[in-house]
Amino acid sequence: MPTLDIEQIKEILPHRYPFLLIDRVEDYNPGVWAQARKCVTGNEPFFQGHFPQQALMPGVLILEALAQTGAIALLSEPENKGRIAYFGGVKNARFRRVVRPGDVLELECHLTKRKGSIGFGEAIATIEGVVACKAELSFVLGGERV
């Protein structure tokens, strides 16, 4: 089972603190799918304002974590080394459970279709087997990373 630690993830993704939203890749198949993990802590900068009395991870950041998981599947292909996967769009996003400090988000994205530089994926985020979010994502593969 191939895993990636945070340093290996940073070799693939251009994201850095505070916007790198996956901590570990548990398994992946380049160009096909990836499974990652995000350990949500009370020290996340977004919790200062979302919300001070009831800390909840914003849904858009859950989607971003799913997109970064999909980007691992896409950018781990040897021919895509050093490129960027831009977030192209979201369809049918559904949020089923709130995400709070202490939760461990299990993230999975299966690439379902590729057409040139555009890709599509089905993504799901769960916490202890309970669905937190499901969505269909699209990606645009960009040029060389700076």
Check: Are the side chain of Arg83 and the backbone N or O of Gly142 linked by a donor-acceptor pair below 3.5 Å?
Finding: yes

Item checked: Heavy-atom closest pair, residues Ser76 and Gly31 -> OG-N, 4.4 Å

Note to self: The test is side chain to side chain contact (heavy atoms under 4.5 Å, CB included); show your working for Ile6 and Leu20 and say whether it passes.
What the structure shows: CA-CA 9 Å; Ile6 193 69; Leu20 180 56; 3.5 Å; yes

Item checked: Note: Arg97-Glu128 ion pair, threshold 4.0 Å (strictly below) -> no

Check: Between Trp33 and Leu141, is there a shared hydrophobic cluster once you connect ILVMFWY residues whose side-chain heavy atoms come closer than 4.5 Å?
Finding: no

Item checked: Derivation and outcome, side chain to side chain contact (heavy atoms under 4.5 Å, CB included), residues Glu64 and His15 -> CA-CA 11 Å; Glu64 176 63 27; His15 304 78; 3.4 Å; yes

Checklist line | Reported NZ-to-CD1 distance for the pair Lys38 and Ile22, which is rounded to 0.5 angstrom | finding: 10.0 Å

Checklist line | Closest heavy-atom pair and its distance - Leu137, Ala123 | finding: CD1-CB, 3.8 Å

Check: Going hydrophobic residue to hydrophobic residue with side-chain gaps under 4.5 angstrom, can you get from Val104 over to Phe95?
Finding: no

Item checked: CG-CD1 distance between Leu13 and Ile72, expressed to the nearest 0.5 angstrom -> 4.0 Å

Notebook entry, point to check: Under a 4.5 Å cut-off applied to non-hydrogen side-chain atoms, are Phe46 and Pro18 in contact?
Noted result: no

Check: Is Phe47 reachable from Phe19 through a run of I, L, V, M, F, W or Y residues, each pair having side-chain heavy atoms under 4.5 Å apart?
Finding: yes

Notebook entry, point to check: CD1/Ile127 to CG/Leu105 distance, rounded to the nearest 0.5 angstrom?
Noted result: 5.0 Å

Notebook entry, point to check: Which atoms form the tightest heavy-atom contact between Ala36 and Thr69, and what is the distance?
Noted result: CB-OG1, 3.6 Å

Notebook entry, point to check: What do the steps show when you test Glu11 against Lys81 for side chain to side chain contact (heavy atoms under 4.5 Å, CB included), and what is the final call?
Noted result: CA-CA 9 Å; Glu11 289 176 16; Lys81 183 178 171 75; 5.7 Å; no

Item checked: Distance-minimising heavy-atom pair for Ala125 and Leu107 -> CB-CD2, 3.8 Å

Checklist line | Shortest non-hydrogen contact between Glu44 and Cys39, atoms and distance | finding: OE2-O, 3.7 Å

Next item on the list: For Asn80 and Leu74, indicate whether the former's side chain and the latter's backbone hold a donor-acceptor pair under 3.5 Å.
Entry: yes

Notebook entry, point to check: Can you check side chain to side chain contact (heavy atoms under 4.5 Å, CB included) on Lys134 and Asn92, steps first, answer last?
Noted result: CA-CA 8 Å; Lys134 278 185 172 183; Asn92 301 319; over 6 Å; no

Next item on the list: Decide if atom CD of Glu122 counts as having more than 12 heavy atoms of other residues, nucleotides or ligands within a radius under 6.0 Å.
Entry: no

Next item on the list: Establish whether Val60 and Phe139 are linked, either directly or via other cluster members, by ILVMFWY side-chain heavy-atom contacts under 4.5 Å.
Entry: yes

Checklist line | Flag, side chain of Glu26 to backbone of Glu106, donor-acceptor distance under 3.5 Å | finding: no

Check: Ile124, Phe120: one ILVMFWY side-chain cluster at the under-4.5 Å cut-off?
Finding: no

Next item on the list: Starting at CG of Leu4, measure out to NZ of Lys10 and round the result to the nearest 0.5 Å.
Entry: 13.5 Å

Item checked: Euclidean distance, Leu56 CG relative to Phe51 CZ, rounded to 0.5 Å -> 6.0 Å

Next item on the list: Enter the distance from Cys133:SG to Leu61:CG here, rounded to the nearest 0.5 Å.
Entry: 11.5 Å

